[in-house]
Every structure is written in C-alpha cells, then in structure tokens.
Amino acid sequence: MNARIPHRLVAATAVAAASILALSACSAGSSSGGGSATSDAVVIGLTGEPVNLDFTTTSGAAIPQVVMNNVYEGLVTIDQDGELQPQLAESWEVSEGGTVYDFVLQDGVLFSDGEDFTADDVVFSIERVQSDAWLNGTKSKMDVVDSVEAVSDTEVRVTLSRPSNAWLFDMGTYVGAMFSETGVDDLATEPIGTGPYTVESFVSGDRITLAGRDDYWGEEPDITDVTLRYFADAVASTNALRSGDVDMVYNMQAPDLMGQFESDEAFQVIEGTSNGEILLSMNNKVAPFDDVRVRQAVMYAIDRQAVIDAAWAGYGTEIGAMVAPTDPYYEDLTDLYPYDPEKARELLAEAGAENISITFDVPTRPYATAVSEIVVSQLAEVGIDASIQSSEFPAVWLDKVFTQADYQMSVILAVEARDVLATFNNPDYYIGYDNAKIADQVIAADSGTPEEYVSGMKEVVRTITEDAASDVLFLFPNLVVAKAELGGIAANAVTESLVLSGLTWTD
Amino acid sequence: MARRLLSSLGQFLATLLVATALIFVMLRVMPGDPAVVALGINATPEALAQWRTEYGTDQSLALQYLQWMGGLVRGDFGTSYVTSQDLSPLIADRVQVTLILVGLSMVVALLVAVPLGVLAAVRHRYPSGVVLSGISQVGVAVPNFLVGVLLVAVFAVHLGWFPSGGWVAPSDDPVQFLRRLVLPVIALGSVQAAIITRYVRSAVLEIMREDFLRTARAKGLTKGAALVRHGLRNAGVPVVTIVGVQLAAMLIGSVVIERVFVIPGLGSLLVDSVGNRDLLAVQAIVAVLVLLVIVINLLVDLAYTVLDPRLRKAA
Amino acid sequence: MVTSLDTTDSVGMPVPAPSVPGGGRRRNRPGTQLIVGAALIALVALVALVSLVWTPYDPVATVASDRLQFPSAAHWFGTDRFGRDVFSAVMVGSQITLIVGFIAVGIAVVIGVPLGILAGMRPGRLGNLVMRGNDILLAFPGLLLAIVFGAVFGAGTVTAMVALGIGSIPAFARVARSGTLQVMKTDYVFAARAANRSEFRIALRHVLPNISGMIVVQCSVNFGIAVLAEAGLSFLGLGTMPPTPSWGRMLQESQQFLGSHDYLAMAPGIAIAVAVLGFNLLGDGLRDRFDPKMRSNR
C-alpha cells in the first residue's frame with residue numbers, strides 16, 4: 001500500500017491511539033492479574049459483588065462473605081460442621097437461668113489499626129447493633145440483650161431479657177462482629193477488625209484484595225495474598241478458572257458446566273452444604289396470595305424436582321421448608337405438598353382464582369432467572385399467568401420487593417443461617433406472613449431447654465409450611481470448583497462467611 | 001479557518017451544557033429516593049433527613065445542578081451515595097481502559113480495512129474483490145459479542161492460547177496487558193473492520209469513476225498511480241466520517257465485549273451503577289460518555305476541513 | 001456538513017456502507033443485492049407470521065425430561081436446558097426482532113423526518129436551531145439511552161425500542177434535511193412557491209415524495225442496527241424479558257453450553273446474522289435505486 005491519504009489516516013489514528021496508551025500507561029485500570037503464581041497467593045472467583053463493605057448499613061450476603069472471619073471476628077464462630085466454637089472469647093459460662101453469659105476474652109488481640117481489643121470494644125459492638133448506627137434489619141437478633149458490661153479488660157457479662165437458644169449462635173454471624181471503638185468511621189471502604197486479613201484494595205466492579213496481617217493474634221494463614229475477583233457472568237468466572245486466571249470459583253453459578261470440571265483431573269469439584277434456600281416468596285398481604293388456598297395451590301403446582309433438574313442441572317436438594325438439613329430442628333416436610341396440578345386447580349377454583357394474572361419480580365441473578373422460567377411454565381399449567389418483571393439485584397430488588405413489599409411473587413436465595421424466623425416471624429417483613437399463630441410458640445421454644453427448642457421449632461416450621469407462607473423450592477448447593485492443588489477449602493456455607501484462613505497449596 | 005474553529009468550539013460548549021442539563025434532569029426521574037437507596041432498609045426518618053442534608057439532595061434542583069457542574073469543571077464527580085467511593089479516580093481509571101480497548105480495536109480495524117477495502121474496489125470485477133466484499137457484508141451482520149464468546153470458547157478455554165479475559169494495567173505487566181487484549185480487540189475490531197472495509201471500497205469505487213481520474217489516466221498514468229495520486233485523498237472524507245461515527249458508537253457499544261471479557265471499562269461500570277441505582281455514578285458516567293462523543297464529533301468536523309479544501313471554503 | 005454518509009450509527013453497531021451507484025451495478029446484474037436482501041427479509045417475516053399461528057412446540061413450555069437434546073427429527077434445532085424446542089423459540093424470536101425494528105424505526109421516522117424537512121425548508125434560524133438540537137441528541141447513542149432508560153423506567157422490550165428509536169432520530173433528521181435542501185432547489189418547488197402554495201402543502205406534495213426513497217434506505221439501515229442493538233441489550237439482560245423468546249437472550253443463555261451443545265448458540269446467532277444481512281442488503285439495493293445523486297444527475 002502506497003496510498004497517501006490512508007497512510008496519513010492510519011498514521012494519525014495510530015498516533016492518537018499511541019498517545020492514549022502512553023497517557024494511560026502509568027495508571028490505567030489498576031486491575032486483575034493472572035492466577036496466583038506464588039504459594040502464598042490465591043485468586044478466588046465470585047459472582048455478586050458487594051456495593052460497599054459495611055454490613056451494618058447495607059443488606060446483602062456479599063459483604064459478610066468477604067469480611068466475616070477474615071477481617072472481623074466474633075466472640076464465637078460457627079465451624080464447618082455448623083458447631084459453635086470459641087473465637088475472640090476464650091471461654092464462656094451461662095448462668096443457671098440461661099440469661100447471664102460471662103465471657104472470658106482472648107488476651108493480646110490487636111485490631112488492624114493497632115488498638116487493643118478489650119471488653120470495652122465488646123460492649124461498644126453489642127450496643128452499637130442496638131443503636132441507630134446499625135441500620136441492617138438483622139439488628140433485631142440483638143433485641144434479646146438487656147445489658148452488657150465490661151467486668152474487667154478481658155471479662156464481659158451479657159444479660160439477656162429472657163433465655164434464648166438462638167442468641168449465642170447469632171453471635172457467630174455478622175451481628176456479633178467485634179468493632180474497634182476508634183475504627184468505625186469508614187466501614188464502607190476501610191473495615192477494621194481483629195481478623196487475619198485486612199482489606200488492601202477494593203476496585204469496584206472488579207476485585208477486592210486482602211492481605212495477611214503480621215500482628216494477627218491467632219495462627220497466621222498460609223496464604224497471605226488473597227484476591228477476590230467478581231464476575232458479572234458465571235460463565236466468565238469458570239472460563240477464567242479454565243484459562244488459569246483464578247484458582248477457585250466459589251458458589252459457582254453455572255451448574256451445567258460442573259460435568260466438564262468433574263471429568264478433568266486438574267480440577268476438584270466440591271458440593272458443600274449450604275444454608276441457602278431458594279425461596280419462591282409470595283406476598284401474604286396482597287391478592288391473590290392473601291388467600292391461603294391460592295398459596296397452597298402454588299405449592300401443589302410446582303414440581304420442585306423438575307425445577308432443580310431444569311434450572312440447576314440437578315444440583316440441589318428438596319427440603320420442603322425453610323430449614324437446612326444441618327440445622328438442629330430440621331424435619332423432612334417434602335411430602336406436605338407433592339406435585340399435584342389437579343389439586344392446585346381445585347384449590348384455585350375454590351378460592352375463585354381461576355385464570356389469574358400476577359407479576360413475578362425476578363432479581364437479576366443467574367439462579368433467579370433460571371428458576372423463574374420453569375416456575376412460570378408450571379404456574380401456567382394450572383391457570384396462573386405470571387409475567388416476569390426483572391429487578392436489578394441488589395438495589396432495585398431490595399428497594400421495591402424487600403423494603404416496600406411492592407410485589408406479588410418473587411424468588412430469592414436466602415443465605416442467612418437459621419433464617420426461618422427472620423423470614424416468617426415478622427408481619428412487617430416483605431413476606432407479610434401473619435405470625436399470630438407462631439409468635440408465642442417461638443418465644444417459648446427459644447426460652448426452653450435445648451430439647452424444647454428443637455421440638456418447639458419443628459412445630460413452628462410445620463405451621464408455617466401448612467400455611468404455605470412461601471414456597472421453598474430447594475436447598476441451594478454451594479458448588480465449588482478449584483484447581484486440584486488447592487487445599488483447605490471451606491466449602492460448607494454454614495454462615496454467609498467464606499473463611500479464607502485455612503486455604504493452602506499442596507504439592 | 002480561525003472563525004470556523006471558534007464557532008465549532010462555541011457549539012461544542014453549548015452542546016455540552018445542554019447535554020449535561022438533560023442528563024441531570026433525566027436522572028432525577030429515576031425512581032427511588034437516593035437517601036433510601038443509600039441507607040437501605042430500616043433507616044430512621046432522622047437518619048434520612050441527615051443524609052439528605054449531608055449530600056445536599058434536599059436543595060433545589062437548580063442549585064444541585066450548579067453544584068454538580070461546578071464539580072465537573074474541576075474534574076470532581078463527587079462521592080458515590082452507594083459505594084461511598086470517590087468517583088473521579090474510579091471513572092478516570094475506567095475511561096482509560098475503554099479508550100485503550102476502543103482505540104486499539106479501531107487501529108487494528110483500520111490496518112485491516114483500508115488495504116482490503118482498496119483491494120476490493122480495485123478488483124471489484126474479479127472474484128477476489130467479490131469475495132472480499134461478500135465477507136465484509138457478512139461480517140457486518142454478525143453480533144460482536146457472538147464473535148467474542150466464540151473466541152473465548154476456542155482460543156482461551158479450548159486451546160488455552162490466551163487468557164479468557166480480565167485486565168492488567170500496562171504499567172503492571174506489559175506482556176500480560178497485551179496478551180489479555182488480543183481476543184477482545186479481535187472481537188471488537190473484526191466487526192469494525194468489516195464495516196470500514198465496505199466504506200473504503202465504496203469511496204474508492206466512487207472516486208475511480210470520477211473525471212479527474214480519467215483525465216489522469218488519459219495523461220498516461222497507470223490506474224494504480226492515478227488512484228494514489230488523486231483519488232485517495234478524496235476517499236478520506238467518508239472514511240473519516242465512518243471512523244468518527246463508529247468510534248462514538250464503540251465507546252458505549254464496547255460494553256458487551258467488556259462483559260464477555262470481564263474488562264473493567266466505562267460501559268460495564270455504567271451497567272453496574274445502574275444496577276446499584278448509584279445516581280451520581282450513572283450521572284457522571286453518562287456525562288463523560290457524552291463528552292467523549294461530542295469531542296469525537298468535533299474532531300471529525302475539523303478533519304473534514306483539513307481533508308477537503310472545498311469544505312474549508314464552504315464554511 | 002451534509003454528506004451522503006450521514007447514516008449515523010447510534011447504537012454501537014455497524015452501519016452498512018452505501019453501495020456506490022453504478023459501481024455495484026456494473027458488476028452485478030441489476031438488483032442482486034435487492035433481491036437477496038428482500039428474500040432474506042421475506043424469510044424472516046414469513047417465519048414471524050407463521051409463528052403467530054403455528055410452532056412445532058410451545059416455545060415457552062418447559063419439559064424437564066427433554067432437556068438439552070441434540071438436534072433430531074423431533075427437535076430440528078434441539079432443545080435448551082428447560083427442554084424447550086429451540087426451533088420454536090427461534091421462530092417466535094423473529095417476532096420480537098421485527099417488532100423492535102419496526103417500532104424503533106417508526107419512532108425515528110415519525111419524529112426525525114418532519115424535523116429534517118422543517119430544517120431543510122427553513123434553512124435560517126429555525127433550521128439551525130433544529131439541527132443544533134439534533135446534534136445534542138447525536139451525543140446520546142441509542143445503547144446509552146437504552147441502559148439509562150432501563151434504570152428510569154425498568155428494562156424491557158418497550159424501553160429498548162423507544163430508546164433505540166430516539167437514538168436513531170438524528171440520522172433520519174439529517175437525511176431528510178439534506179434531501180429537502182436538494183428538493184427545495186428544484187423548479188417545481190419554485191413554481192409551487194410562486195403559486196403561493198402553503199409550506200405544509202409543499203412539504204407534503206413535493207418534498208416528502210421526493211425524499212421518500214432516501215428515507216426508505218435509511219429505514220432499512222436502521223432496522224439492521226436495531227436488530228443488533230436489541231440482541232446486544234438482551235445479551236446484557238437489559239432487553240426482552242424471559243420467558244418471551246429473544247435471539248440475544250438465547251445467545252446469552254447458550255454460553256454455558258458452548259463446547260457441549262454448540263447448536264444452542266448457532267441457531268440464534270445465524271438467525272440474527274440472516275436478519276441483519278437481509279436488511280443491509282436491502283438497504284444497499286434500495287440505495288442503488290434511489291440514490292439522490294443519480295436523481296439529480298438525470
């Protein structure tokens with residue numbers, strides 16, 4: 001090519017592009033590197049990015065997933081088997097009546113800003129949950145606390161207004177996170193806790209990097225350089241795993257790709273336990289779902305195994321109610337509503353709700369869109385015409401469905417541990433279930449002996465399910481795919497937290 | 001010439017002013033009180049009121065607009081309501097990523113399209129020209145994200161020659177930076193190459209029919225020499241037009257490719273911010289995109305005057 | 001600044017090049033592009049029409065036992081992960097494609113053409129004002145509008161086509177204006193003006209018929225653009241909502257199955273390409289017929 005103008009054109013464009021490159025070369029998109037090259041680094045692929053790091057004001061499991069047990073710690077923690085273990089509390093004693101807890105704290109614990117962790121911080125943290133500073137709805141878990149006082153620098157006494165079987169467990173979730181009195185100014189971007197890691201950087205839309213602490217009070221983790229990369233698309237995350245850019249995809253959201261990884265020796269595939277229920281939520285306060293018969297009709301209309309097979313490639317377990325099989329009060333209730341479209345049509349006819357139209361708010365998450373398509377098809381079979389309306393998750397869904405309860409039907413993955421009461425024992429919650437029948441039972445169970453707690457809770461859950469408050473479609477599997485050499489993966493999602501400190505490279 | 005420059009600049013500023021006002025008003029219609037979006041569920045009325053005062057959303061729209069514009073002039077986009085992050089560095093970062101991606105794709109597209117387009121025109125009576133033309137015709141019709149998805153499937157996942165996506169800053173690791181750009185640039189650039197090839201071909205064909213070329217050939221110049229001497233300068237105008245149009249379109253159009261290749265560009269930030277209902281971020285990103293489009297249109301306008309003396313006089 | 005190339009692409013998707021009057025014609029038999037383009041569009045339109053009354057299967061009915069079946073006599077294009085017939089979904093998907101194209105182009109024509117004619121007939125202050133407004137709109141590509149409108153009004157087919165339509169207005173206004181400017185110089189417009197015909201009447205009687213060819217060409221071009229843009233938006237999850245079949249979303253959903261069930265990506269991919277190719281060829285073919293330069297040279 002000897003052409004004059006195109007030459008000049010090309011040259012001009014090239015110069016322009018080169019100058020752009022030169023300009024940007026210094027700082028452009030401080031972004032993602034490849035998979036880990038060294039033995040103390042790991043890159044983890046996740047879907048569903050947190051908008052910020054402050055779970056005290058912002059809902060959504062993505063935040064505690066990153067920071068709990070990694071940046072923040074609690075007095076107690078929940079281990080991979082779902083058992084309560086000491087963390088910042090070395091030990092504790094519960095009084096005869098079950099209302100007074102005396103904790104003895106670990107000595108020599110430092111926050112990442114260099115401050116000592118003392119009993120005053122415990123008082124501060126617990127009282128902060130009860131104050132206006134804490135906006136997240138889960139704060140109600142701390143309602144049962146009557147008072148908290150520092151007995152000495154390493155001793156704390158918590159007094160409950162009544163005995164509670166649930167409270168100490170809840171202290172192992174993010175409600176029980178321990179904050180430094182001087183470290184809560186910028187929780188959204190700069191969390192300060194006692195955990196083994198600090199947040200090194202947060203590149204919105206891309207990744208969060210965590211760095212191991214030299215002054216961590218416990219055992220220092222093997223891997224000190226953790227990168228959490230966020231993918232808008234589940235397939236992109238597994239592509240990155242295949243091409244070596246990430247070392248592990250946690251809570252993998254493209255189940256149809258599992259087969260390919262299972263047959264490949266370079267990878268390990270783990271199906272961890274989970275607390276996550278896929279909940280087909282129905283607004284109990286608005287028509288047509290204010291009629292128990294319509295809700296029951298939905299329960300009969302849906303073939304849950306078919307939903308699992310089609311939407312999630314057969315990964316997932318029918319559980320029948322909003323209780324994970326790993327919870328102490330689990331009971332198999334799957335027989336309560338077998339797939340029976342005939343019965344569903346009868347119930348709808350009885351309720352005078354034949355051929356109804358509803359809107360179905362579907363959050364923009366892979367599981368939700370997958371589930372919604374088959375649910376719509378099954379509802380159509382019994383004469384319920386559900387039209388899908390997409391709600392961006394988290395912002396729009398949280399605002400419209402969760403906060404304003406301006407919806408008829410929705411579907412959501414509820415990942416919080418032991419969340420059946422948070423979901424149904426509150427008529428102001430977005431489900432709007434009338435809890436008159438269960439409210440007293442719940443308190444009685446929580447205040448009773450451990451045995452009474454289990455049997456009482458079973459009763460409560462059965463009542464909720466008989467009332468068809470909402471349809472628990474299946475237990476969401478916590479699928480993890482990782483390079484075969486990565487060890488110590490905490491694959492059981494016992495709380496929202498993804499525990500990183502156990503990770504290690506094996507040879 | 002100077003007057004034309006000046007009037008172009010004036011128009012540019014006026015357009016910018018109206019466009020930013022439009023963006024501002026358009027986004028005030030967005031449902032949801034930013035205070036509620038920011039503080040979330042269970043926020044007390046006092047907390048909401050305090051937030052509104054702090055972020056100034058309780059002031060009049062005109063005042064808010066002026067404050068926003070004041071920030072824009074200083075290059076300050078404010079702090080996101082949702083992520084509490086300072087928007088200016090974030091957006092600066094993303095703009096660079098998108099500019100590199102789009103700029104490189106366009107360079108590659110031009111390097112491919114200009115020779116092929118000329119060839120397709122010169123040989124338009126021969127099978128090779130017809131085939132080239134046909135390929136470009138089909139290339140235009142294929143969605144670029146399909147090209148991207150297939151490239152990832154074949155070259156990243158199956159063959160493992162290139163990373164499947166992601167972004168490395170050139171200053172961190174120039175080799176990784178380039179390796180990661182190969183597939184997205186091909187995906188974005190190939191469709192552009194097909195488009196531009198067709199324009200170059202049309203422009204050259206048109207010029208080949210014009211009188212001055214015949215005259216030149218009559219004077220004894222060969223066809224190729226005549227084309228190079230006289231024709232290609234005139235072909236520049238339509239090619240510059242389409243390059244400008246495509247560049248403007250690619251700035252936001254690259255969002256799909258950014259999604260496929262997990263590239264943290266401006267478009268994906270926009271989609272994420274929309275998802276988060278991050279009002280200030282959306283507002284800032286749209287303003288930046290619109291500014292870039294206007295700048296490109298201005299440059300194209302100026303390029304005409306350089307390329308075509310007749311237009312210079314007309315103006 | 002008006003060139004024959006003012007086919008503004010407003011959505012980040014390709015603009016077909018204008019084929020050169022005469023140049024292409026000398027090479028091809030007259031109207032090859034037109035015929036092939038029209039045939040492809042007719043095919044898409046026919047499929048859309050047939051799908052209104054008949055598809056082999058219900059395209060949205062999920063049959064768990066039939067999931068992910070390879071193409072066969074029973075399912076020509078196989079089934080997707082919900083056990084839905086892909087051939088039926090591709091058929092019904094053509095409806096959305098055509099509707100989005102029609103509405104988007106329709107909005108752009110209805111608003112852009114009158115504005116362009118107005119600017120062309122009143123080239124002074126008013127015309128300038130209109131074109132300045134047009135320039136501002138030009139700074140908002142259709143895809144950008146679609147994403148922002150999605151935030152304001154909720155994403156969906158309607159939002160997408162309105163946004164794409166508004167984004168295409170500048171292209172139509174420019175084409176209409178440049179055509180009008182040429183028509184206004186002709187003798188019969190002078191005659192009509194001398195005869196004191198009303199401006200509106202001149203616009204309707206003389207200008208519109210004379211620029212309609214160019215408008216039709218532009219329609220064809222923008223139709224192709226709209227089809228690609230809708231596919232892109234659906235790919236991002238901002239276009240047509242499930243379960244309504246849409247080619248872009250089918251492509252997006254097929255990603256998980258690349259390498260194991262490639263047919264899931266091929267069917268919608270080819271469908272999109274056929275539709276866009278058809279409109280582009282049609283546009284090129286029509287341009288050969290209607291090119292303003294040919295007309296003015298006559």
Side-chain angles (χ1 to χ4, degrees), chain B residues 11 14-15 18-19 22 26-27 29-31 121 124-125 130 137-138 140-143 145-146 149-150 153 157-158 191-192 194-195 198-199 201-202 205-206 208-209 237-238 241-242 245-246 248-256 259 270-271 274 277 282 286 289-290 293-294 297 301 304 311, chain C residues 1 3-24 26-27 132-133 135-136 138-141 143-144 147-154 224 228 231-232 235-236 238 248 251-252 254-255 258-259 262 265 269 272-278 280-281 284:
Chain B
Q11 265 174 34
T15 310
V18 179
L22 267 180
M26 190 156 71
L27 289 174
V29 193
M30 195 148 97
H124 74 274
R125 276 176 234 260
V130 176
Q137 185 71 265
V138 172
V140 172
V142 178
F145 54 89
L146 180 58
V149 166
L150 293 177
V157 173
H158 187 67
V191 176
Q192 296 302 326
I195 296 168
R198 300 188 58 214
Y199 270 83
R201 174 181 170 272
S202 302
L205 269 180
E206 189 158 1
M208 280 164 60
R209 290 173 32 246
V237 171
T241 306
I242 191 62
V245 164
Q246 290 303 320
M250 280 161 80
L251 285 176
I252 182 67
S254 67
V255 58
V256 191
R259 265 287 190 268
L270 176 66
V271 173
V274 161
R277 287 299 181 272
V282 173
V286 175
L289 281 170
V290 165
V293 174
I294 297 176
N297 289 346
D301 229 28
Y304 289 146
L311 286 171
Chain C
M1 169 75 244
T3 72
S4 59
L5 283 154
D6 279 332
T7 51
T8 307
D9 174 6
S10 46
V11 287
M13 303 293 166
V15 185
S19 106
V20 171
R26 251 175 269 151
R27 176 169 50 83
R132 286 291 81 76
D135 282 350
I136 292 168
L138 194 60
F140 293 87
L143 198 62
L144 178 64
I147 293 171
V148 174
F149 282 12
V152 178
F153 307 109
L228 278 176
F235 187 81
L236 290 175
L238 297 169
L251 265 184
Q252 199 266 332
S254 74
Q255 277 190 84
L258 272 183
D262 292 329
I272 292 172
V274 164
V276 177
L277 187 63
N280 287 351
L281 288 174
D284 287 355

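The chains referred to below are lettered A, B, ... by the order of the sequence lines, with proteins before strands, and numbering in each begins at 1. These values consider heavy atoms only, across backbone and side chains, with no hydrogens, waters or symmetry-generated copies. None of these values were measured; they are calculated from a predicted model.
Of all heavy-atom pairs between C/I272 and B/P143, the closest is CG2-CG, 3.5 Å. When all heavy atoms of C/L143 and B/I252 are compared, the closest pair comes out as CD2-O, 3.8 Å. Nearest heavy atoms, C/L258 versus B/A153: CD1-CB, 3.8 Å. Taking both residues in full, the closest heavy atoms of C/A151 and B/V274 are given as CB-CG1, 3.4 Å, listed atom of the first, atom of the second, then distance. When all heavy atoms of C/P141 and B/A248 are compared, the closest pair comes out as CG-O, 4.4 Å. Between B/L27 and C/V152 the shortest heavy-atom distance is CD2-CG2, 4.5 Å.
B/L150 CG to C/Q255 CD: the interatomic distance, rounded to the nearest 0.5 Å, is 10.0 Å. Note that CD1 of B/I294 and CG of C/L138 are 9.0 Å apart. Values are rounded to the nearest 0.5 Å. Summarising the geometry, atom CG belonging to C/L144 is positioned 10.0 Å from atom CG belonging to B/L251; distances are rounded to the nearest 0.5 Å. Between C/D284 atom CG and B/Q137 atom CD the span is 5.5 Å, to the nearest 0.5 Å.
Side chains of B/N297 and C/D135 form no contact here, defined as non-hydrogen atoms less than 4.5 Å apart. Residues C/F140 and B/V286 are in side-chain contact: their nearest non-hydrogen atoms beyond the backbone lie under 4.5 Å apart.
Remark: B/S254 engages B/T98, B/L101, B/V102, B/L188, B/E258 in a side chain to side chain contact (heavy atoms under 4.5 Å, CB included) (not counting sequence neighbours).
Residue contact with chain C, scored on non-hydrogen atoms closer than 4.5 Å, involves the side chain of B/L22 exclusively. The contact between C/I147 and chain B is made by backbone and side chain atoms together, counting heavy-atom distances below 4.5 Å. Of the two parts of C/L251, only the side chain, counted from C-beta on, holds a non-hydrogen atom closer than 4.5 Å to a non-hydrogen atom of chain B. Using a 4.5 Å cut-off between heavy atoms, C/L236 touches chain B through its side chain atoms alone.
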